[in-house]
There are 2 protein chains.
Amino acid sequence: MKEDSPEKKILEAAKFVFSKKGYSGARMQEIADKAGINKSLLHYYFRSKEKLYDHIFTELTNEFFPDFNKILVSDSNLFKVIEVFFDNHISLLQKNKNIPIFIISELNNNPEKIYKKMLGDFAENSPVALLKVKIKEGIAQGLIREDVNEINLLINMLSLSIFPFLSAPMLKLVSGFSEEKFTLLLEQRKKELPKLIIKSLLPDK
Amino acid sequence: MKEDSPEKKILEAAKFVFSKKGYSGARMQEIADKAGINKSLLHYYFRSKEKLYDHIFTELTNEFFPDFNKILVSDSNLFKVIEVFFDNHISLLQKNKNIPIFIISELNNNPEKIYKKMLGDFAENSPVALLKVKIKEGIAQGLIREDVNEINLLINMLSLSIFPFLSAPMLKLVSGFSEEKFTLLLEQRKKELPKLIIKSLLPDK
DNA sequence: TAATAGTTTGATCTTTTGGTCAAAATTAAA
DNA sequence: TTTAATTTTGACCAAAAGATCAAACTATTA
């Protein structure tokens, strides 16, 4: 498909508008305008708003979930996995800044849709299961506390990497955070967060 | 205002629908149905959808931001402040489970609106400024590391307490998390998260 | 109790918005 | 170069959704 073909332009525009305003907030007219084409052409290529949305949904989740899973699949130990996770996951989000708000919104409006998608993408190797194995190994080696739990760990890791992207608009307003300052903050977090999480796993004393 | 007055019923219904579906996803008809009244009555009491939304917006943020601020205003030391924060903040969110998604969405569609609200509510005593003072005290006493930064600390605290509510629908699907199990998770986090954060602040060794 | 003010409703209007369609323009094929 | 297929457009349609209004109903009060 050519770079500036109508399809490409539509998909790009739709991705932008849907991910920013959600399904109900998005307007076909706005997408058409942004793509520089007639509204009818939208329906020519993608029969309906819903079909177009489904395209975007698939596109966005496809470029996100598999990468997300790959990050956790690794043969290194838990500490290394955590280090790599924050670096890769935050980098991934930097390339798709509005994926978090999109997925969180979708999750609230259509939990089943995301769930089905995840079932397909994660199948056997769910992040939760993977973490569980690594944790068991760590405990067996006496490297981490015995009460470490995979769900809590995953929630903490996801919280810390995703939340800044959800609150980015606020950050930008509050502290006069420029785009560059935000980038700096993220780079700093890529290094600090693994330390923070690992410290919390270590046995006391 | 009486408990079951139309106004009350409308506000309750509107709060539910708006916070679940957002402004553009909400339907006046649905609000009317949920309130058990005629759609015209909605317009009789609140001239327009936007006006009604503004009411809800004010109501939701009013019951949230001031409490949020109160939590951080305290004369105890940083560690105590952190402990109290997680307990109170998570409890507050438990009583308003869909506030996080509402505010995050609003933040993305209308950053200025939230910003103005915060400016009014926080005025002089911004949480950021308050944390900064506590951190300085802690550093002066040699209790915490010297490179601790108030923005990062606040982001971490907010991330860890808010994110579970944003991803609750997923949790409920993935691990067959029931409402009770979710509550249990939260109670556990109220105790674990202060430890996690405090550990990350302590000087090495 | 009669009159007035306030409340509630159903019908209806208007605007917004997703969607269709025939015709024009463009590209590909014969 | 003519013909056929494909793409693009503008005009229009229909449904959805917010808003209005006069009439009916209820409560207040003079």
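Per chain, numbering begins at 1; letters A, B, ... match sequence-line order. Remember, it's a predicted structure, so these values are computed and weren't measured experimentally.
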> Hey, does the Lys NZ or Arg CZ of A:Lys117 hover above the aromatic six-ring of A:Phe57, less than 6.0 Å from the centre and inside 45° of the axis?
Replying inline: no
> Hey, what do you get for NZ (A:Lys15) to CD (A:Glu59), rounding to the nearest 0.5 Å?
Replying inline: 5.0 Å
>> Taking A:Glu83's backbone N and O only, do any of them form a donor-acceptor pair with A:Asp87's side chain (distance below 3.5 Å, no angle check)?
In response: no
> How many Å lie between CD1 on B:Ile37 and C1' on D:dC25, as a whole number?
Replying inline: 16 Å
> Which is it for A:Lys113 and A:Asp54 under the salt bridge (Lys or Arg N to Asp or Glu O under 4.0 Å) test, yes or no, and what are the steps along the way?
Replying inline: CA-CA 10 Å; A:Lys113 197 164 182 174; A:Asp54 282 346; 2.5 Å; yes
>> Under 3.5 Å, is there a donor on one side chain and an acceptor on the other for B:Ser76 and B:Lys134?
In response: no
>> Between P on D:dG18 and OH on B:Tyr53, what's the gap in Å once rounded to a whole number?
In response: 14 Å
>> I need the residues from residues 28-36 of chain B with at least one non-hydrogen atom less than 4.0 Å from DNA chain C; give them sorted by number, or say none.
In response: none
> Just by distance, do the side chain of A:Arg47 and the backbone of A:Leu42 share a donor-acceptor pair under 3.5 Å?
Replying inline: no
> Which residue, A:Leu201, A:Leu78, A:Ile144, forms the side chain to side chain contact (heavy atoms under 4.5 Å, CB included) with A:Ile139?
Replying inline: A:Ile144
> To the nearest angstrom, how far is A:Asn38 atom CG from C:dT20 atom C1'?
Replying inline: 12 Å
>> Expressed as a whole number of angstroms, how long is the span from A:Ile10:CD1 to C:dG18:C1'?
In response: 15 Å
> Would you call the rings of B:Tyr53 and B:Phe102 parallel, tilted or perpendicular if under 30° counts as parallel and over 60° as perpendicular?
Replying inline: tilted
> Does A:Ser40 get its side chain close enough to the base of C:dG19, under 3.5 Å, for a donor-acceptor pair?
Replying inline: no
>> Quick check on contacts: within residues 41-51 of chain B, what sits under 4.0 Å from DNA chain C by heavy-atom distance?
In response: B:Leu41, B:Tyr44, B:Tyr45
>> On the nucleotide D:dG18, are OP1 or OP2 found under 4.0 Å from the side-chain N or O atoms that B:Arg27 carries?
In response: yes
